[in-house]
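Written out below as structure tokens is the structure these notes cover.
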Amino acid sequence: MNFEDIIYTELSQIPFGHTMSYGQLARRAGFPNYARQVGRVLKNLPKNTQLPWHRVVNSQGKISFPAQSDGYKEQRGRLISEGIPVINDKTKKPYFLG
DNA sequence: CAGGGGGCTAAGG
DNA sequence: GCCTTAGCCCCCT
């Protein structure tokens with residue numbers, strides 16, 4: 001098993017409605033200090049992947065995409081659909097179910 | 001080999 | 001909140 005496969009399996013273990021940081025996921029996979037590599041793996045995931053990549057956020061609990069980017073919106077939508085609040089930096093209010 | 005850059009992190013101003 | 005520095009590891013040009 002290579003690094004990517006280990007990350008895939010570890011990623012698939014994150015339960016619905018939960019999030020985990022890149023570094024946390026890396027450590028759980030047995031690769032401390034590999035947060036950036038986790039980011040690289042997620043970036044290269046095929047668009048059709050079934051893996052819950054959206055459940056991975058940075059160490060501040062925030063989405064690691066530029067706030068206007070498509071990736072940001074996509075991840076935000078997925079998190080909200082799981083009941084996970086996402087703070088809007090502008091209004092300081094959380095997007096949430098409803 | 002050198003340089004630049006990532007879905008990163010922790011620590012400081 | 002913003003920004004910079006330093007450390008990390010790997011990828012691409």
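What you see is a predicted model, and the numbers here were worked out from it, not measured in a lab.
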Applying side chain to side chain donor-acceptor pair (under 3.5 Å), can you list everything that pairs with [X], at least two apart in sequence or on another chain?
{"X": "A:Q24", "answer": "none"}
{"X": "A:S64", "answer": "A:N58"}
{"X": "A:D5", "answer": "A:N2"}

Under the salt bridge (Lys or Arg N to Asp or Glu O under 4.0 Å) definition, can you give me all pairs with a residue in [range], not counting sequence neighbours?
{"range": "residues 56-65 of chain A", "result": "none"}
{"range": "residues 67-81 of chain A", "result": "A:E74-A:R78"}
{"range": "residues 29-38 of chain A", "result": "none"}
{"range": "residues 24-35 of chain A", "result": "A:E10-A:R28"}

Worksheet item: Tell me, for nucleotides 4-13 of chain C in 5' to 3' order, what letter each nucleotide earns: B for a base near a protein heavy atom under 4.0 Å, S for only sugar-phosphate near one, - for neither?
Response: ---BBBSS--

Worksheet entry | Residues forming a side chain to side chain contact (heavy atoms under 4.5 Å, CB included) with A:Q75, sequence neighbours excluded |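 Expected list: A:W53, A:H54, A:V57, A:I63, A:F65, A:L79.
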
Worksheet item: Residues in side chain to side chain contact (heavy atoms under 4.5 Å, CB included) with A:N88, at least two apart?
Response: A:K90, A:T91, A:Y95

Worksheet item: Do A:I84 and A:F96 come close enough that some side-chain heavy atom pair is under 4.5 Å?
Response: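 No, every pair of side-chain atoms sits at 4.5 Å or beyond.
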
Worksheet item: Looking only at side-chain N and O atoms, does A:S21 come under 4.0 Å of OP1 or OP2 in B:dT9?
Response: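 Yes.
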
Practice prompt. Mind listing the residues from residues 50-63 of chain A sitting with a heavy atom below 4.0 Å of DNA chain B? Number order is fine.
Written response: A:W53, A:V56, A:N58, A:S59

Worksheet item: Can you list the stems that include DNA chain B, where a stem is three or more consecutive Watson-Crick or G-U pairs with distances under 3.5 Å?
Response: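 Listed by first number, the stems are B:2-6 with C:9-13, B:8-13 with C:2-7.
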
Discussion item. Can you measure A:F31 atom CZ to B:dC8 atom C1' for me and round it to whole angstrom units?
Written reply: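 Roughly 16 Å, once rounded to whole Å.
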
